[in-house]
Amino acid sequence: MSSHNLSFRDPALQPIWEKVRSGERLSKEDGLILFDSSDLIGVGRMANYVARQKSGDSVYFVLNRKLEPTNICVLSCKFCDFAVKPDSPEAYEMTVAEMLSKLRPDLHEVHITAGLHPKWPWEFYTGMVRDIKTNFPNVDVKAFTAVEIDFFSKKFKKTHEQVLRELWDAGLRTMPGGGAEVFSERVRKRLFHQKIGAKAWFEVHKTAHRLGIQSNVTLLYGHIETLEERIEHMLRVRECQDETHGFLSFIPLAFQPGNTGIKTRNDFTSAIDDLKTIAVSRLMLDNVPHIKAYWVMLTAEVATIALNFGADDMDGTVGEERIAHDAGAISPMELAKGKLVSIIHDAGKLPVERDVWYKPLAIYPKKEWAVVSKMPYLNSVPFYNGFHEYSNLVKLAPLVPRVFGALAEAGNIAAGPMSLRDYMNLSDDFEKLDYGVAVKGKANSVLLFSKYDWKELEGKRIAITSETSTSVELLRVLLEKRFGVLDYELHRIHPTDLSYDKFDAVLLIGDQALQAVHSAPQWAHTTRVFDLAEEWCSWKEMPFVFAVWAVRKGTPDAARNEIIASLERSLNNASGHFGELGREHGARLGMSEAEVSDYLSQFRYRFTLEEHAAMAEFEMEHESLSSRDNIGMSFPRMRESIPSE
Ligand code: V47
């Protein structure tokens, strides 16, 4: 089945590789073997394999700016070269107007962290977030470490939850991962005894995650911590992530000695240690979506290599980086977007500009590359196991259907399993192939969870996630043409926003639909579940086509041939091995290997005339729908009710 074979100079890596390729979790002992191994390249190749499984060839970056409103801090942690006391000649305090003057409308993220200021009132913090959001609505606010949230909670006598709710109301959307340092009491006592420890740090992040605020988590390494402490740190993150799924990225931060007195000024971590720490993080943290190579501290050169050692995110343009600079970081202060793109190209990877939730906004392939969309749903797993591990021609990018459609329209994607709806729009530019995802009967891939029967949906509010493209059109065809329901409201909601109770029905697709069936969230108990493909098939006695593989007209033959050959290899390899192939992906959705095998076996991946005819039928029904341009947006919402701990 899977044709990935790696050989290692260090035989101790072989059993770890067996675990990695079968999706088995690594233990603490495995982590220590990885750190001890002299086969750095072997460790890196395993990590690159995992990163590629998760992110294809994509490497993400965001147009962002870091704001550090003050360096005055009530703490004096030994490793920090940034914080000063109020009477220091270097002390500074920014006004909100000064903060706003540093931002530009084309930014997508502002990352705010500051010293713990002894005098600033609570309203100053909520005010700065609110004013940024009002003046720059496109800029998402990633603000305040757990250390700051805990400080606000004590100083202003509010619970963590109150602090987070008020910041959310002001416009905060995600939290940075700072202040984690190393989750070791030994290190904390020696280097930052005044700072909160692991217990409070996790309490803050777990509360944030429950409220729908996703966050990052850092590891500060290369000072007095042991390798065992680094691994233990990762294991604590993994355990928390199993519970909350709220972490977006893990960020190993290389310690910058500066004038901290902990190490001599030029005693930077070695590139080997940096690369190994990135790779081990990728391998240990199987449940964290992204590993960040923070170039400001790593240097651009090491970051380039890190992108082949498990990292899939570069952070961003950053702008001003006072913490790292003051402690002597040797990177330049500003890397423009063009520079980031060329660093990622140098690594042979595909630059993807993203928002704070990792939604791709634009991609920047090299001219000679053909970008293939990797549909990140379980039902598409059989397409991708035969794509070469490394190709100079074809690059894979995981894109949910709607984003794939938008980027294909913008002109930068060569091929992929295109949502039927998008293919209907783009058929002048794309040629369809005889591959796709279709089903005749029930599929659990497009589900409507509804408090009402079909005909009673007249005048009701239906939530759809922002990932869907074809399925919302299928829903409309069924409502209007099959059940005669003409008056209904559609509202797009953010995929992380799982509080659907305000709606009369919710449409879920792909993995979200499977997850809702297999992990049965509370709201799902009160609803009926309609399988939309099944409704279509029993109405039309035809299969329903979710997606069809399409290649952009004019794609050079070499790339087109490679794409088709890879697809053939994938489907041939997959046949008879669905359970094994989808085991790891299915486990994340709470499905057993047998359930995965049953699920995947229902689909038709090779198309015949029947599927092509079914596409034409859907197109015909779709053409005669009522026109409906404005779908209400509620994006994203704070969870209404928080389950008690
Ligand atoms: O928590 C302090 C670290 C962190 C030094 O979430 C130092 O996207 C190295 O958290 N040498 C703040 N590191 C930075 C941070 C961060 C950075 C980039 C992205 C994100 C994110 C978060 O910087 C602190 C501390 O661990 N730090 N002093 C030093 N001398």
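We use all heavy atoms of the structure for the numbers below, so side chains are in, but hydrogens, waters and symmetry mates are not. Numbers for residues simply follow the sequence, beginning at 1. Remember, it's 1-based here, ligands and their atoms both numbered in the order they're listed.
Not a single heavy atom of Gly258 sits less than 4.0 Å from an atom of ligand 1. Between Met175 and ligand 1 there is no heavy-atom distance shorter than 4.0 Å. In this structure, Ala254 has a heavy atom closer than 4.0 Å to ligand 1. In this structure, Asp81 falls outside the shell of residues with a heavy atom less than 4.0 angstrom from ligand 1.
For ligand 1, the atoms sitting less than 4.0 Å from at least one non-hydrogen atom of Pro176 are 6 (O), numbered in the order shown with element in parentheses. Every atom of ligand 1 is numbered from 1 in the order shown, and the set under 4.0 Å from a heavy atom of Met297 is 9 (C), 13 (N). Near Ile251, meaning under 4.0 Å from any of its heavy atoms, are these atoms of ligand 1: 6 (O), 8 (O), 19 (C), 20 (C), 21 (C). In the vicinity of Lys66, heavy-atom distances shorter than 4.0 Å reach the ligand 1 atoms 14 (C). Shown in contact with Gly178 at under 4.0 Å from a heavy atom are these atoms of ligand 1, numbered in order with element: 1 (O), 10 (O). Counting atoms of ligand 1 from 1 in the listed order, those under 4.0 Å from a heavy atom of Lys292 are 8 (O), 21 (C). Contact atoms of ligand 1 toward Asn216: 6 (O), 8 (O), 21 (C) (distance under 4.0 Å to a heavy atom of the residue). The contact set between ligand 1 and Asp315, taken as ligand atoms under 4.0 Å from a residue heavy atom, comprises 8 (O), 19 (C).
At a 4.0 Å heavy-atom cut-off, ligand 1 touches Phe255 through backbone and side chain alike.
Within the 6.0 Å centre-distance limit, the rings of His290 and Tyr358 are counted as a close aromatic pair.
Comment: Arg65 does not engage Glu109 in a salt bridge, judged by the lack of any side-chain N to carboxylate O separation of less than 4.0 angstrom. Looking at Lys158 and Glu166, a side-chain N of the basic residue comes within less than 4.0 Å of a carboxylate O on the acidic one, giving a salt bridge. In summary, Glu181 and Arg188 do not engage in a salt bridge, as defined by a charged side-chain N under 4.0 Å from a carboxylate O. A salt bridge is absent between Asp312 and Arg52; no separation between the charged side-chain nitrogens and carboxylate oxygens falls under 4.0 Å. Lys133 has a carboxylate O that lies under 4.0 Å from a charged side-chain N of Asp140, or vice versa, which qualifies the two as a salt bridge. Between Lys292 and Asp315, at least one side-chain nitrogen of the basic residue sits less than 4.0 Å from a carboxylate oxygen of the acidic one, meeting the salt-bridge criterion.
Counting heavy atoms only, His111 comes closest to atom 20 (C) of ligand 1 of the residues Gln256, Lys195, His111. Between the choices Tyr294, Phe82, Phe250, Trp295, the shortest heavy-atom distance to atom 17 (C) of ligand 1 belongs to Tyr294. For atom 3 (C) of ligand 1, the nearest non-hydrogen atom from the set Val217, Thr174, Leu253, Leu219 comes from Leu253.
If you run salt bridge (charged side-chain N to carboxylate O under 4.0 Å, His left out) between Asp313 and each of Lys54, Arg282, Arg354, Lys349, only Arg354 comes through.
Closest heavy-atom contact between His345 and Pro365: NE2-C, 3.8 Å. Nearest heavy-atom pair, Ser373 versus Ile413, reported as atom, atom and distance to 0.1 Å: N-CG2, 4.4 Å.
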